[in-house]
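Taking it in order: structure first as structure tokens, then the write-up.
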Amino acid sequence: MVKLVRHRLAVVGFFTLTTIVIGTFIVPALSPYDEFTINIPDADLGPSWSWHLFGTDDLGRDLFVRIMQGTRTSLYIAL
């Protein structure tokens, strides 16, 4: 364990992976947007910090929430 802590890249990789795993479970629960709800007036919005972090697709669905849900599914499959 001591050797692992000495390697900066290993520590950065550990924290990056931990952040991704925790984020996949927290973000969809806290987000006001559903990944399946179609919202045509919000279609093709660009990314913004105040509204949709990654923007929306052509049906108005929030892309950030959809990516986090996809990451969660990928983690389930990997485990």
field: Test side-chain contact (heavy atoms from CB on, under 4.5 Å) applied to D42 and W51, step by step
entry: CA-CA 10 Å; D42 288 343; W51 194 247; 3.9 Å; yes

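- Legend: residues meeting ring-ring contact (aromatic ring centres under 6.0 Å, His included) with F25, ordered by chain and number and at least two apart, are absent.
- Closest non-hydrogen pair, I67 versus F54, comes out as CD1-CD1, 3.5 Å.
- The cluster map of Ile, Leu, Val, Met, Phe, Trp and Tyr, joined by side-chain heavy atoms under 4.5 Å apart, puts W49 and M68 in the same cluster.
- Note on residues 53-63: pairs passing salt bridge (charged side-chain N to carboxylate O under 4.0 Å, His left out), not counting sequence neighbours, are D57-R61.
- Rounded to the nearest 0.5 Å, atoms CD1 (I20) and CD1 (I22) are 11.0 Å apart.
- To the nearest 0.5 angstrom, S31 atom OG is 12.5 Å from R66 atom CZ.
- Transitive grouping of hydrophobic side chains (ILVMFWY, heavy atoms separated by less than 4.5 Å) keeps I40 and L45 in distinct clusters.
- Cluster annotation: L30 is not connected to Y33 through the hydrophobic network of ILVMFWY side chains, with a link wherever side-chain heavy atoms come within less than 4.5 Å.
- For the atom pair L75 CG and L17 CG, the distance stands at 7.5 Å (nearest 0.5 Å).
- If you chain together hydrophobic residues whose side chains sit under 4.5 Å apart, V27 and L53 fall into the same group.
- When all heavy atoms of T56 and A43 are compared, the closest pair comes out as OG1-C, 3.7 Å.
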